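Notes for the one structure printed next.
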Amino acid sequence: MKILILGGTGGLGSDCRNVLGREHEVICPGKEDVDVVSWDVVIEAFDSLSPDIVLNCVGFTNLEACEADAFTVRKINVEGPRNLAQSSARFGCKIVHVSCGHVFDGRKGMPQPYFEDDAPNPLSAYGRSKLESETAVRGNSPNYIIVRSNWLYGIHGNNPIKSLLRHAVLGGSTPMRLPNDRFGAPTWSHRLALQVRELLNKDGRGSYHATSSGYCSPFELAQHVLKKLKLDAPIEPCSLKDLSIGHLLPVNCVLENRLSKKQGVNVMVDWEKDLDTFLEQFGDQLIEEARP
Ligand SMILES: NC(=O)c1ccc[n+]([C@@H]2O[C@H](COP(=O)([O-])OP(=O)(O)OC[C@H]3O[C@@H](n4cnc5c(N)ncnc54)[C@H](OP(=O)(O)O)[C@@H]3O)[C@@H](O)[C@H]2O)c1
């Protein structure tokens, strides 16, 4: 199959490009070649490339920037997916769109997870844009997969593990404060790429949750990373309400992969297992890259 990946230079997109490229013909234009915000550019890309599948890994993901810039967040996170969904429908191709757990308010009592059909109620401009993106995809393409994930990390792009390691190698004495009253499943973007591949190979359709199993707090995640890499860095637990963006963050970010489990296509594993594999594979490289 010919797969057009948009956002292929980002954290998730890079892993999708590697994983899907092993079995499929993958085309991965940069933003400068295919800006998803432009309808003319998108339709021209579909016309000239004739993909069987389009995978949308594009995103404007910085929470504070999204609050501050309603215009850009709407363009990239809503109009982009709409352009892709309408083009997919017009050219008879399947669209895979990546969304996230910020569509929920996170007020469900722990340890109850969120299911695919739970009522969304986003707390932030980012979450609202992702919810709107889902509506745009569902409403415009008859053949879609929406994959909601959370707390992604990987070797490409930026993520909280890389921020922690930068803090660790700087060796300062000021503690990094991390919430210990917010919970989710850290999810390796490589694993999510494998899940996307599985859904494509099994002709999945509809809206899927796809995160690692289990959960921890950001503070526990940091403890786990430092211990595994045998690093010593000052970190301190705090409450979500101590953070300036705490009100924008769902407390309960735990998603249950109910649909993929029901269909026998869930390939996600326990968060600690994947994180350990990731750190064993990339720990030295990550520490090296974290040095100023
Ligand atoms: N990170 C997470 O924890 C997380 C969790 C759940 C879901 N998601 C979703 O997963 C998707 C990918 O996230 P990510 O963390 O991999 O993001 P990322 O690393 O920030 O990558 C975003 C990608 O989008 C590209 N892009 C931005 N604007 C574009 C435009 N107008 N046209 C074409 N490409 C454009 C970027 O290109 P440049 O690099 O050239 O700007 C980059 O390749 C997003 O939809 C996000 O909402 C992320």
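In each ligand, atom 1 is the first atom listed, and ligand 1 is the first ligand listed. Only a predicted model underlies this, so the values are computations on that prediction, with no experimental measurement involved.
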Going by side-chain hydrogen bond (donor to acceptor under 3.5 Å, both in side chains), name the pairs with one or both residues in residues 81-90, residues two or more places apart or in two chains.
Gln86-Asn140
Ignoring hydrogens and angles, write down the donor-acceptor pairs under 3.5 Å from the side chains of residues 40-53, residues two or more places apart or on other chains.
from	atom 1	to	atom 2	distance (Å)
Ser48	OG	Glu44	O	3.1
Ser48	OG	Ala45	O	3.4
Asp52	OD2	Lys2	N	2.6

Who passes side-chain hydrogen bond (donor to acceptor under 3.5 Å, both in side chains) against Ser239, sequence neighbours left out?
Asp181
Transitively linked via ILVMFWY side-chain contacts under 4.5 Å: Leu84 with Val34?
yes
Distance-only donor-acceptor check, side chains Asn158 and Arg166, under 3.5 Å
yes
With a 4.0 angstrom cut-off on heavy atoms, strictly below it, pick out the residues next to ligand 1 and order them by chain and number.
Gly7, Thr9, Gly10, Gly11, Leu12, Lys31, Val34, Asp35, Val36, Val37, Cys57, Val58, Gly59, Thr61, Ile76, Val98, Ser99, Cys100, Tyr126, Lys130, Ser149, Asn150, Trp151, Leu152
Any chance the side chains of Tyr208 and Gln195 put a donor and an acceptor closer than 3.5 Å?
no
